[in-house]
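We use all heavy atoms of the structure for the numbers below, so side chains are in, but hydrogens, waters and symmetry mates are not. Throughout, a chain's letter reflects where its sequence line sits, starting with A, and its residues are numbered from 1.
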Number of protein chains: 2
Amino acid sequence: MRRTRFDDWPCPIARATDLIGDWWTPLVMRELFYGRRRFDEIAESLQVPRAVLTARLNRLVDEGMITKVAYQERPVRHEYRLTEKGLAFGDVLLAMWRWAADWQWPEGDGPTVGLKSKATGEYVDPVVVDEHTGERTTMRTVRLARARATAAEPTPTPTLRQAEVPSTTE
Amino acid sequence: MRRTRFDDWPCPIARATDLIGDWWTPLVMRELFYGRRRFDEIAESLQVPRAVLTARLNRLVDEGMITKVAYQERPVRHEYRLTEKGLAFGDVLLAMWRWAADWQWPEGDGPTVGLKSKATGEYVDPVVVDEHTGERTTMRTVRLARARATAAEPTPTPTLRQAEVPSTTE
DNA sequence: CGACTAAGTTCGTTCGTTGAACCCACCATC
DNA sequence: GATGGTGGGTTCAACGAACGAACTTAGTCG
């Protein structure tokens, strides 16, 4: 009677939920985006139980979101780095950020942290648009359809090649 | 020793995680976007344990994402409808959709369902951009900053006024 | 009367999370 | 060579949450 798994459902939302639904996982990803790479660093910053952090990091490695890299020998010490797949997940975090910043604070209030563009220094407010037209896209403006022919599928090559992960903080 | 709550953390990602991290919740939201409004309809479609569905729907009502509306008396029967806040959550589902469609299928493969624009009938591929500049926005292109002055905060009025919820299906 | 429907509730079993304590390899210091 | 520190975990008991099946309630239909 273990928790129902969604990772082989035909719907992308279900498969994403299977990952995100692991309590703590989006926050662990956030920490990695903030540039924290070490076990103890993340454990202390989030105050997550260490056994849970072990389980989450192992799953993220299995999923190909992060890789475990030894940064020294004797004694062996590891750190965790985001892969391309893990970096791509940042879009989901940005959407979560925007929605919660808009709706999860009392009226007239908001979070004390915000997002600024590294390039321009201006505040950034993420929204979802269609990649081709640039038009605002919501669940109201779309409908379900058969997928396009598989050849046109723009799936990025799911290599685990190491990505540059500059810190999000200043 | 209950599950750690994130709903009063100062980070929007944490607050969103508190909701999403409830197993089944994003799928329940998906069903509502698909136009399913009745308890049994959702329970059968998702094969979710009924006690869990009860708990999730109650929480979503408490959060102001949905409202419970009687659609008949004698006997009283209810349905659940998305509020503005619930509709706004669609952006998170779209981001999850895009990420999982790109990364959670074996190489060269993809989901059998896709998204089309209701307006143009063309396939839609959601991406995250900055609302002001239209520039592609990722966790790599932003950095953390102090929030802008609260007056500029573009928080929508969190009314629970009923929203039109046309079915996403054809 | 009995069958059916929508929307739940109840319950015993199993799974997952929590927090605190413990472990181990190695290094530095006294 | 005992002591303490550090990084990266593992172990364990307690308890809350999820599972699936059965049951309930209020009303309609034939």
Side chain proximity check, Tyr80(B) to Val28(B), heavy atoms < 4.5 angstrom: no
Can you find a heavy atom in the side chain of Cys11(B) that is under 4.5 Å from one in the side chain of Thr17(B)? no
Reading DNA chain D from 5' onward, which residue's closest nucleotide shows up sooner: Arg5(A) or Arg2(B)? Arg2(B)
Please determine whether residues Leu93(B) and Val129(B) belong to a single hydrophobic cluster, defined as Ile, Leu, Val, Met, Phe, Trp and Tyr linked transitively by side-chain heavy-atom distances below 4.5 Å. no
Applying a strict under-4.5 Å side-chain criterion to I, L, V, M, F, W and Y, I'd like to know whether Val113(A) and Trp99(A) cluster together. yes
Note: [X]-[Y] ion pair, threshold 4.0 Å (strictly below):
X	Y	answer
Lys116(A)	Asp130(B)	no
Arg37(B)	Glu41(B)	no
Arg59(B)	Asp18(B)	yes

Using rotation axes that map the C1' atoms of four end pairs onto the next four (five pairs an end), what angle separates the end axes of the helix from dC1(C)-dG30(D) to dC30(C)-dG1(D), to 10°? 10°
When rounded to the nearest 0.5 angstrom, what is the spacing between [atom1] in [X] and [atom2] in [Y]?
X	Y	atom1	atom2	answer
Arg36(B)	Leu46(B)	CZ	CG	7.5 Å
Ile42(B)	Met29(B)	CD1	CE	10.0 Å
Leu87(A)	Lys85(A)	CG	NZ	12.5 Å
Glu79(A)	Gln72(A)	CD	CD	10.0 Å
Asp91(B)	Met96(A)	CG	CE	13.0 Å

Mind checking what makes ring pair (Phe, Tyr, Trp, His ring centres under 6.0 Å) contact with Phe6(A), not counting sequence neighbours? Trp9(A), Trp23(B), Trp24(B)
In residues 17-29 of chain A, which ones come under 4.0 Å of DNA chain C, going by heavy atoms? Trp23(A), Trp24(A)
Tell me, which of residues 44-52 of chain B have any heavy atom that sits under 4.0 Å from an atom in DNA chain C? Arg50(B), Ala51(B)
Quick check for you: name the first and last nucleotides of DNA chain D, 5' to 3', having an atom under 4.0 Å from a heavy atom of chain A. dT6(D) to dC19(D)
Give the C-alpha distance, both sets of side-chain angles, the deciding distance and a yes or no for side chain to side chain contact (heavy atoms under 4.5 Å, CB included) between Leu115(B) and Met139(A). CA-CA 10 Å; Leu115(B) 298 173; Met139(A) 287 297 279; 5.8 Å; no
Along DNA chain C, first and last positions that approach a heavy atom of chain B under 4.0 Å: dT5(C) to dT18(C)
Base, sugar-phosphate or nothing for Arg77(B)? Non-hydrogen atoms, less than 4.0 Å. base
Which heavy atom of Val69(B) sits nearest to which heavy atom of Arg81(B), and what is that distance? CG1-NH2, 4.1 Å
